[in-house]
Amino acid sequence: MIIRLIAGMPMRGQTDPSWRGALADVDAYDLNDDAARARILAADGLVIGGGVDHLLLGRYRGELTAFVRAGGRVLVNGQVVKPFIDDLAVWRKLEFRGPQDVRPHQVQPHPVWAGIDYRDLHYRTGVPGIHSYERLEEIGVAGFYGRGYHLDLPEGASVVTGIGPYRLPLDYSYRIGAGEVLVHGGNDLESFSDDGYSSRVLGPNLVAWLNGGHGSAHDGAGRAAASSAALDNSTDAAGPGTGTATRRPAAGREPRRPGAAPRIGLLHCGAFQPLRTLADPALAPYRIEPVYLPEADPAQLADLDVLIVGDRLHQGQLARFVPAILAALQDPGKTVIVLGENKVEQWLPGIGYSFRPTVFWMWRTGEDNGTRLRLPEDPLWEFFTPWSVSWHHHGLLHPRPGARSLVVMEEDGAESGSLLYMDEVNQPARLLVTTMDPVYHHGSGFMPGASQLLYSLLRWVTATHAPRA
């Protein structure tokens, strides 16, 4: 049995190929349940999704390491910010100027990549009608596979894939005891198993490799027992208070001085994207307070002036905070910003949603995906550029009457929904909602427009937020 630890539900519109039936998807927060954790650690192999909570995984570092030591195999996806298995290397961003700077190259053979043309990984696009590698290189549609590298690799590690002309370590593997860890420093490796490319074999190859991790002397029960023993002898690797905002009691807080900067909180679930975003030195002047949902108290939202509901939050963790967010909307002294992929139609009053497929590469190809800017005299446009709101989106919103749709989708000559809107009439607080996901892409180091949107949001809310009386 192979278990894939995921951060809740996948993005809307995603479909799984038949080979993925060999992977059993399990919510990563099930690790917090003793019985569920025992079942997870009895698997033959583990896949750790790139959206999983690194702070959560760090809490079980001893058990995950023991799982490998006893013969298990693990694929680690994404950009490791806080190592959660012994000897994992921290991911580093690569400064690149063009497609060749991020081109992947085989360094050492590995059975997971057997039979794959690396060009199909580099130029994986989804751009309709463009099949020429030369044309894709010309328009700069490349780099989806990886945009960083690893240093300080563990002793004995084997570099599988190098990135760029210097073949810096992107994918690598190393052994711990009888098992093996395979690390892909980019979007989930299994997502590159595309039927139209040589990479279609990647998924089946991965399943075969993960299934090969067990041996007669290392059955699942033995690995689970070894992992449990490791936890008994280890300390909490995440450390006290990691990723959590400093808690201040709501009662007795001094009112904010007129002209003082607003207190801004970012709600997140410990994935690498918000952790890397929060570590961005460019955001330091805003003094953003991290609100790590698995550990935070919803009552602490009352002390914040600005709530940023980070994109792609785990729906189970978010649900605990929805009442506090809705209460914040009743406070005229607050601004609430809700970012994309949060199923707002299920908890924000009166909001509708329509799915549309994401056009990932329009910011490179220049194609018209229907995005239109509206209300050019609106004060918000003093802080936002067209580039900051035109990179891509995740579906359409249908706000309540009176809201101002500033970025919309036009289809067949008619507006079909909103991509970003402001509502200052249906509740006392100021509310901005979008289907764009800037924290995810800024933290991933991908799509410059996403970074511009994030910076613009912070400039706007800091400059325009009215202080409390």
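Predicted model only: the values in this text are computed from it and were never measured.
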TODO: Show your working on side-chain contact (heavy atoms from CB on, under 4.5 Å) between V338 and W347 and close with a plain yes or no.
DONE: CA-CA 12 Å; V338 183; W347 56 273; 4.1 Å; yes

- [ ] Could you give me the CA-CA distance, side-chain angles and deciding distance for L348 and L329, then say whether side-chain contact (heavy atoms from CB on, under 4.5 Å) is met?
- [x] CA-CA 10 Å; L348 271 179; L329 288 174; 3.8 Å; yes

Open item on the list: Determine whether H110 and S173 satisfy the following criterion, side chain to side chain donor-acceptor pair (under 3.5 Å), listing intermediate values before the conclusion.
Closed with: CA-CA 9 Å; H110 191 283; S173 67; 4.5 Å; no

- [ ] Could you go through the side-chain contact (heavy atoms from CB on, under 4.5 Å) check for L419 and V389 one step at a time?
- [x] CA-CA 9 Å; L419 306 179; V389 294; over 6 Å; no

- [ ] Output, in order, the C-alpha distance, side-chain angles, deciding distance and verdict of salt bridge (charged side-chain N to carboxylate O under 4.0 Å, His left out) for D53 and K82.
- [x] CA-CA 10 Å; D53 183 340; K82 295 181 179 294; over 6 Å; no

TODO: Determine, stepwise, if the pair D194 / S199 fulfils side chain to side chain donor-acceptor pair (under 3.5 Å).
DONE: CA-CA 6 Å; D194 292 330; S199 57; 4.6 Å; no

Task: Audit row: R287, I264, side-chain contact (heavy atoms from CB on, under 4.5 Å) steps and yes/no - done: CA-CA 7 Å; R287 300 182 182 273; I264 303 173; over 6 Å; no

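Here the straight-line distance linking atom CG of L168 with atom NE2 of H105 works out to 10.0 Å at 0.5 Å rounding. Atom CG of L339 sits about 7.0 Å away from atom CD1 of I308, to the nearest 0.5 Å. Rounding to the nearest 0.5 angstrom, the gap separating the CG atom in L75 from the CG atom in L206 is 5.5 Å. Atom CG of N211 and atom CE of M1 lie 10.5 Å apart (nearest 0.5 Å). Note that CG of L5 and CG of D25 are 9.5 Å apart. Values are rounded to the nearest 0.5 Å. Atom OG of S416 and atom CG of L396 lie 5.0 Å apart (nearest 0.5 Å).
A distance-only check finds no donor-acceptor pair linking the side chain of D152 to the backbone of A89 [under 3.5 Å]. With R175 contributing its side chain and A178 its backbone, the two residues share a donor-acceptor pair below 3.5 Å. Proximity of a side-chain donor or acceptor of N205 to a complementary backbone N or O of V112 within less than 3.5 Å is detected. D44 places no side-chain N or O within donor-acceptor distance of the main-chain N or O of I2, the cut-off being under 3.5 Å. One N or O on the side chain of S191 and one on the backbone of D188 form a donor-acceptor pair closer than 3.5 Å. Checking side-chain atoms of H184 against main-chain N and O of N187 turns up a donor-acceptor pair under 3.5 Å. A distance-only check finds a donor-acceptor pair linking the side chain of D33 to the backbone of A36 [under 3.5 Å]. Side-chain atoms of W91 come within 3.5 Å of backbone atoms of G185 as a donor-acceptor pair (strictly under, hydrogens ignored).
You'll find the side chain of I116 reaches within 4.5 Å of the side chain of V201, heavy atoms only. Counting only heavy atoms from C-beta outward, the side chains of I325 and L318 approach each other to under 4.5 Å. For the pair S388/S451, no side-chain contact is recorded, criterion being any heavy-atom separation below 4.5 Å from C-beta on. Taking 4.5 Å as the limit, every side-chain heavy atom of V90 sits out of range of all side-chain heavy atoms of H150. Using a 4.5 Å heavy-atom threshold, the side chains of P438 and D311 count as touching. You'll find the side chain of L397 reaches within 4.5 Å of the side chain of I351, heavy atoms only. L170 places a side-chain heavy atom less than 4.5 Å from the side chain of Y145. Looking at V68 and R73, their side chains never come closer than 4.5 Å, going by heavy atoms from C-beta outward.
P104 and L121 make their closest contact through CG-CB, 4.4 Å (heavy atoms, listed as atom of the first residue, atom of the second, distance). Heavy atoms only, all atoms of each residue included: G449 and W391 are closest at O-NE1, 3.2 Å. When all heavy atoms are compared, the tightest approach of L278 to I288 is CD2-CG2, 3.8 Å. Between Q315 and E341, the closest heavy-atom pair is NE2-O, 4.2 Å. For S418 against P399, the heavy-atom pair with the smallest separation is CB-CD, 4.1 Å. The minimum heavy-atom distance linking G51 with A7 is given by the pair O-CB, 3.1 Å.
Of the charged side-chain nitrogens involved, none lies within less than 4.0 Å of a carboxylate oxygen, so that D195 and R200 do not count as a salt-bridged pair. Using a 4.0 Å cut-off between a side-chain N of Lys or Arg and a carboxylate O of Asp or Glu, D30 and R37 do not qualify as a salt bridge.
A donor-acceptor contact under 3.5 angstrom links the side chains of D280 and Y455, judged on distance only. In summary, the side chains of N32 and Y60 do present a donor paired with an acceptor at a separation below 3.5 Å, with no hydrogens or angles considered. Side-chain contact check for D437 and Q273: no donor-acceptor pair (N or O, by modelled atom type) lies under 3.5 Å. Side chain to side chain, H398 and S354 meet the donor-acceptor criterion of an N or O pair below 3.5 Å.
Qualifying ring pair (Phe, Tyr, Trp, His ring centres under 6.0 Å) partners for F272, counting only residues two or more places apart in sequence or in other chains: none. Considering only residues two or more places apart in sequence or on other chains, R320 meets the salt bridge (Lys or Arg N to Asp or Glu O under 4.0 Å) condition with none of them. For Q79, the side chain to side chain donor-acceptor pair (under 3.5 Å) partners two or more places apart in sequence, or in a different chain, are R276. Residues satisfying the ring pair (Phe, Tyr, Trp, His ring centres under 6.0 Å) test with Y286, not counting sequence neighbours, are none. Residues passing the ring pair (Phe, Tyr, Trp, His ring centres under 6.0 Å) test with Y149: none are found, sequence neighbours excluded.
Each of Y29, Y292, F321 was compared with H314 under the ring-ring contact (aromatic ring centres under 6.0 Å, His included) criterion, and only Y29 meets it.
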Can you give each donor-acceptor pair under 3.5 Å made by side-chain atoms of residues 153-165, sequence neighbours left out, with the distance rounded to 0.1 Å?
from : atom 1 : to   : atom 2 : distance (Å)
T161 : OG1    : Y118 : OH     : 3.1
T161 : OG1    : D171 : OD2    : 2.9

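The distance between the ring centers of F355 and H394 does not fall below 6.0 angstrom.
In this structure, R61 is not positioned above the aromatic face of F84 in the sense of NZ or CZ being under 6.0 Å from the six-membered ring centre and within 45° of the axis.
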